[in-house]
Amino acid sequence: MAEPVRSFVYEALPMRVVFGRGRLAAVADEVARLGLRRVLVLSTPGQRALAEKVEELLGDTAVGIFDQARMHVPVETVAGALRVVAELEADGCVSIGGGSTIGLGKALALRRALPVVAVPTTYAGSEMTPIWGLTENSRKQTGRDPAVLPRTVVYDPDLTTSLPPAVSATSGLNAMAHAMEALYAPDGSPVVAAMAEQGVRALALALPVLVKDPADASARANALEGAWLCGACLGATTMGLHHKLCHVLGGMLDLPHADTHSVVLPHVAAFNLAQAPGARSALARALGDEDPAGAIGSLADQVGAPRRLSDLGVRESDLAAVVDEVLANPYANPRPVDRPALVRLLEGAM
Ligand code: NAD
């Protein structure tokens with residue numbers, strides 16, 4: 001019997017990517033290319049020195065630094081940054097850091113339409129997506145808006161060598177999760193599938209090398225390239241059970257983002273790939289293993305990622321509320337999720 005003819009929609013996101021060792025030096029040219037004249041540099045307190053380096057590279061175009069980016073973009077932080085934007089009459093920003101700092105830039109783009117140049121230093125992938133998040137009274141709200149998509153992304157693998165091995169490992173697994181869910185997303189396409197497969201392949205090869213030698217330049221470049229591709233998958237598709245579950249766990253129990261993804265990923269992979277043959281084959285090719293869910297678990301072990309929710313502080317008594325919340329609203333998933341299946345999955349992850 002002939003295979004069914006595929007049908008899909010693919011929308012390319014307007015975005016410029018500059019990639020390579022030492023490319024941070026191009027940040028002033030990239031800012032000039034966008035016509036920006038008064039740029040605010042964003043960072044976390046811990047990455048202030050990197051923000052100062054950007055300020056120096058920008059010269060007169062930099063009007064200041066806001067170094068208070070925080071995990072999950074609290075609305076209070078956004079309000080503080082908006083005051084600085086107004087005082088300094090900033091017309092754009094450079095977000096240098098992980099998903100938290102890039103998330104702050106997106107919030108400024110959402111509120112004031114400020115163009116963002118993103119310089120990622122982790123593998124989270126936020127820079128490739130039009131997804132914003134804001135946290136108010138411990139509740140994180142997310143949405144999609146093309147206005148928050150960074151105009152330009154500068155990927156410089158040299159900026160990732162300081163990322164500790166443990167964070168590199170969990171951040172890389174976080175990126176892989178985007179690719180896995182894109183492979184079975186209802187709005188997938190051949191472009192997304194190609195990016196997902198190559199993204200997972202690159203990360204799976206690079207992560208074990210760079211946890212042993214964080215300064216390995218070629219492993220860092222491969223991991224960052226993989227993270228870019230996986231982030232682009234996240235930006236192009238609708239995520240399923242894995243992201244829903246991590247979002248609920250992280251939000252309700254205040255768990256670390258990338259660690260939660262690392263623990264949950266092998267379990268959702270085992271559950272979903274059993275009924276997603278196309279995704280399973282692509283991941284089998286990418287990981288060189290006929291059992292991709294098992295291979296993801298082995299990779300997590302090999303790179304020393306956390307493997308148990310209980311190690312993140314989750315208690316058995318927390319699980320019922322998590323299950324209720326995950327089942328409360330429908331979301332796209334290749335395999336129907338009911339209460340007994342979800343309880344089994346979470347108990348496995350404990
Ligand atoms: P993060 O940005 O919170 O960074 C973690 C810590 O590592 C921070 O203290 C940071 O300063 C430090 N750090 C970052 N890069 C470093 C480096 N190279 N060397 C040393 N230290 C470094 O962590 P993350 O995992 O990148 O981002 C997580 C956040 O991003 C979550 O809030 C998540 O929801 C969000 N996110 C959003 C999207 C999206 O599309 N909107 C996608 C992925 C993640």
Side-chain angles (χ1 to χ4, degrees), residues 13 15 24 42-51 53-54 66-74 77-78 95-107 109-110 116 118-135 138-150 153 155-179 181-182 199 210 214-215 220 223-224 227-228 230-239 242-251 254-262 305:
L13 296 172
M15 144 110 47
L24 179 63
L42 308 177
S43 75
T44 57
Q47 289 186 294
R48 166 99 200 176
L50 208 47
K53 166 94 181 150
V54 172
F66 182 84
D67 68 1
Q68 294 300 310
R70 295 256 179 288
M71 186 79 115
H72 301 314
V73 198
T77 307
V78 177
S95 278
I96 185 156
S100 299
T101 307
I102 290 166
L104 176 60
K106 287 174 159 184
L110 188 69
V116 177
V119 187
T121 62
T122 71
Y123 305 134
S126 176
E127 66 284 354
M128 279 293 131
T129 85
I131 305 166
W132 54 265
L134 284 171
T135 302
S138 312
R139 263 201 108 72
K140 186 164 178 180
Q141 196 196 346
T142 59
R144 277 182 187 252
D145 190 324
V148 309
L149 191 72
V153 179
Y155 284 111
D156 182 343
D158 291 348
L159 303 177
T160 60
T161 48
S162 57
L163 197 60
V167 187
S168 304
T170 56
S171 190
L173 286 160
N174 181 187
M176 275 190 186
H178 308 330
E181 295 230 291
L210 61 83
R220 285 292 183 188
L224 197 58
W228 161 41
C230 293
C233 292
L234 174 68
T237 57
T238 307
M239 297 286 106
H242 175 81
H243 282 73
K244 175 75 181 177
L245 190 48
C246 292
H247 181 81
V248 170
L249 281 163
D254 196 23
L255 304 185
H257 178 83
D259 289 24
T260 310
H261 274 267
S262 300

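Quantities reported herein were computed from a predicted structural model and do not represent experimental measurements. When a ligand or atom number is given, it counts from 1 through the structure's own listing order.
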For this session: To the nearest 0.5 angstrom, please state how far the CZ atom of Phe66 sits from the OG1 atom of Thr77.
Result: 6.0 Å

Problem set entry | Residue portion contacting ligand 1 (non-hydrogen atoms closer than 4.0 Å) for Met128 | neither

Problem set entry | Contacting atoms of ligand 1, where contact means under 4.0 angstrom from a heavy atom of Gly98 | 2 (O), 26 (O)

Exercise. Do any heavy atoms of Leu234 fall under 4.0 Å from ligand 1?
Worked result: yes

Exercise. Knowing that exactly one of Arg144, His178, Lys106 qualifies, which makes a side-chain contact (heavy atoms from CB on, under 4.5 Å) with Thr129?
Worked result: Lys106

Exercise. Taking both backbone and side-chain atoms of Asn174, is any N or O found less than 3.5 Å from an N or O belonging to ligand 1?
Worked result: no

Exercise. Between the main-chain N or O of Ser43 and the side-chain N or O of Thr101, is there a donor-acceptor pair closer than 3.5 Å?
Worked result: no

Exercise. Does His247 come within less than 4.0 Å of ligand 1, judged by its heavy atoms?
Worked result: no

Problem set entry | Residues which pass ring-ring contact (aromatic ring centres under 6.0 Å, His included) with His242, listed by chain and number, not counting sequence neighbours | His261

For this session: Indicate, as side chain, backbone, both or neither, the part of Thr44 found under 4.0 angstrom from ligand 1 when only non-hydrogen atoms are considered.
Result: side chain

For this session: Using a strict 4.0 Å cut-off to heavy atoms of His257, name the atoms of ligand 1 that fall inside it.
Result: 28 (C), 31 (C), 33 (C), 34 (O), 44 (C)

Problem set entry | Per-residue contact class, Thr121 against ligand 1 - non-hydrogen pairs under 4.0 Å | both

